[in-house]
Amino acid sequence: MTTHLPACACCGDPLADERRIDFGFNLPDAALGAPEETLHRFGGRALLRVDGVGCFIRCLLPVRLTQDTELVLGAWVEVDEATLRRAHELWEQPGYADLSVEGTFANRVQPWGDDLLGAPVTAKVADPEELPCVVEVRHPVAARVLTRTWDRDHVLSRFPYPLPVDVRTDLGGRWSVVRTAGLTASFADGTDHFTAGDRSASVNLMRDEVPGRAPADFLTALLSGAPDTRPAQRLSEPLGRGVRYAFWLTPQDHGRPRHEFYGMAVAPGIAAGIFCTYEDAAGLAWARTIWRSLDHAVNTP
């Protein structure tokens, strides 16, 4: 299985600079599921021959994002046997600085998907301490990956792996929420899940089946059967033409090991509900932050 690693695409070390976000692909897509004995890695695991599949060189694909951020993908380029042999001869040698690679991009990356997979590329060594860097994509659509500046949230929200930055994530129905740094993301049974070892958040949307009902009345219906918490464990705030409401429970309240936070953001005809758990009481501030990040964009003329 291909995984993305929130670390340097070259060496795997964690990166402290949030302006550069590195992800590495373990394998080219064509090699996913290949038996381990068919994988022949060398050149510090950046050169790969897969029996019956082909030859590959790991290269860097830089993508400019908004908010002064760069995404650097450590992905695979498929090459011919002669190119792989030449790269092996030059790897970690003085001639490495002059290495130029012609091949085709070998990983599917969202949000570009099939447009990028198989696109002809040229990669050259820009820094002898790094992998070859893709400098040209010869495909009318895929070339935009290099030439455009992409919306950071739009791109990074496609990566379900832990990120070093907060990312606003589209929930559908004009709702969005901030996935805070360090959380994985998944979607199942109509619910978005954001998870780390010590905390988790689940978000789902609920439509009001009663036409024209006021958001406050919809909230009352949603809270039917909810526990009656102490006033100090409740919050109510305005939200445009709607309302936000939250309450939380401690282990002493329910006998379970984690703290729990329940939040609603209600707009006319639709609501977003969030359920957070966290190990430490200090996690309440995090839960409030992600609850308050729930936003409903209203269409304007």
Side-chain angles (χ1 to χ4, degrees), residues 110-111 151 153-154 156-160 166-180 183-196 199-279 281 283-301:
Q110 296 301 336
D151 182 87
D153 291 335
H154 175 70
L156 294 183
S157 63
R158 268 60 176 182
F159 288 77
D166 296 348
V167 176
R168 181 161 290 280
T169 301
D170 182 16
L171 300 171
R174 303 200 306 275
W175 284 94
S176 64
V177 69
V178 169
R179 172 174 38 135
T180 55
L183 302 183
T184 62
S186 61
F187 182 81
D189 300 325
T191 301
D192 284 272
H193 301 278
F194 308 120
T195 309
R199 63 191 62 195
S200 67
S202 300
V203 189
N204 66 300
L205 302 182
M206 299 158 286
R207 295 195 176 274
D208 192 351
E209 300 299 327
V210 179
R213 180 159 56 176
D217 295 332
F218 186 23
L219 174 63
T220 298
L222 292 171
L223 292 174
S224 177
D228 185 17
T229 57
R230 297 187 297 274
Q233 291 175 219
R234 301 180 220 149
L235 271 177
S236 181
E237 300 175 355
L239 173 66
R241 293 190 295 150
V243 62
R244 295 187 199 276
Y245 182 84
F247 65 91
W248 51 95
L249 304 172
T250 70
Q252 291 73 29
D253 298 321
H254 50 54
R256 293 183 286 272
R258 287 195 174 209
H259 299 260
E260 297 179 357
F261 181 97
Y262 300 80
M264 300 284 181
V266 187
I270 190 169
I274 186 167
F275 170 61
C276 301
T277 70
Y278 43 96
E279 292 182 355
L284 176 59
W286 163 79
R288 287 179 176 176
T289 296
I290 197 170
W291 164 62
R292 288 190 173 110
S293 78
L294 283 167
D295 184 63
H296 184 243
V298 179
N299 288 342
T300 55

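As the structure is a prediction and not an experimental result, all values here were calculated from the model.
Atom CG of D192 and atom CG of D170 lie 9.0 Å apart (nearest 0.5 Å). Here L284 contributes atom CG and Q233 contributes atom CD; the two are 9.0 Å apart, rounded to the nearest 0.5 Å. Interatomic distance, CG of L249 versus CZ of R256, reported as 7.0 Å (0.5 Å rounding). To the nearest 0.5 Å, atoms CZ (R244) and CG (L239) are separated by 4.5 Å.
In this structure, L171 and V203 have side chains that are in contact, with non-hydrogen atoms separated by less than 4.5 Å. The shortest distance between side-chain heavy atoms of P268 and P215 falls below 4.5 Å. Between E237 and R292, the closest side-chain pair of non-hydrogen atoms falls below 4.5 Å. Here the side chains of F275 and H193 are not in contact, with every heavy-atom distance at 4.5 Å or above. Using a 4.5 Å heavy-atom threshold, the side chains of W291 and F261 count as touching. T184 places none of its side-chain heavy atoms less than 4.5 Å from the side chain of F194. You'll find the side chain of C276 reaches within 4.5 Å of the side chain of I290, heavy atoms only. Side-chain contact between L235 and Y245: absent, with no pair of heavy atoms (C-beta onward) separated by less than 4.5 Å.
Using cut-offs of 30° and 60° for the angle between ring planes, the H296 and W175 rings count as tilted.
Closest approach of Y278 to A287, counting heavy atoms only: CE2-CB, 4.0 Å. The two residues L222 and A271 have their closest heavy-atom pair at CD1-CB, 3.8 Å. In terms of heavy-atom proximity, I274 sits nearest to A201 at CD1-CB, 4.3 Å. Of all the heavy atoms in S293 and R168, the pair that sits closest is O-NH1, 3.0 Å.
Pairs passing the salt bridge (charged side-chain N to carboxylate O under 4.0 Å, His left out) check and including a residue from residues 206-226, sequence neighbours excluded, read D208-R213. Within the structure, salt bridge (charged side-chain N to carboxylate O under 4.0 Å, His left out) contacts touching residues 223-232 (residues at least two apart or in different chains) are D228-R234, R230-D253.
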* Check against side-chain contact (heavy atoms from CB on, under 4.5 Å), E260 and H254 -> CA-CA 9 Å; E260 297 179 357; H254 50 54; 3.7 Å; yes
* side-chain contact (heavy atoms from CB on, under 4.5 Å) between L223 and F247, worked out -> CA-CA 10 Å; L223 292 174; F247 65 91; 4.1 Å; yes
* Asked: Between W286 and T180, is a side chain to side chain donor-acceptor pair (under 3.5 Å) present by the stated rule, with each step listed?
  -> CA-CA 9 Å; W286 163 79; T180 55; 2.9 Å; yes
* Given side-chain contact (heavy atoms from CB on, under 4.5 Å), test M206 with M264 step by step and report yes or no. => CA-CA 10 Å; M206 299 158 286; M264 300 284 181; 3.9 Å; yes
* From CA spacing to verdict: side-chain contact (heavy atoms from CB on, under 4.5 Å), L183, R199 -> CA-CA 9 Å; L183 302 183; R199 63 191 62 195; 3.9 Å; yes
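With hydrogens and angles disregarded, a donor-acceptor distance shorter than 3.5 Å links the side chain of S157 to the backbone of H154. Proximity of a side-chain donor or acceptor of T191 to a complementary backbone N or O of F187 within less than 3.5 Å is not detected.
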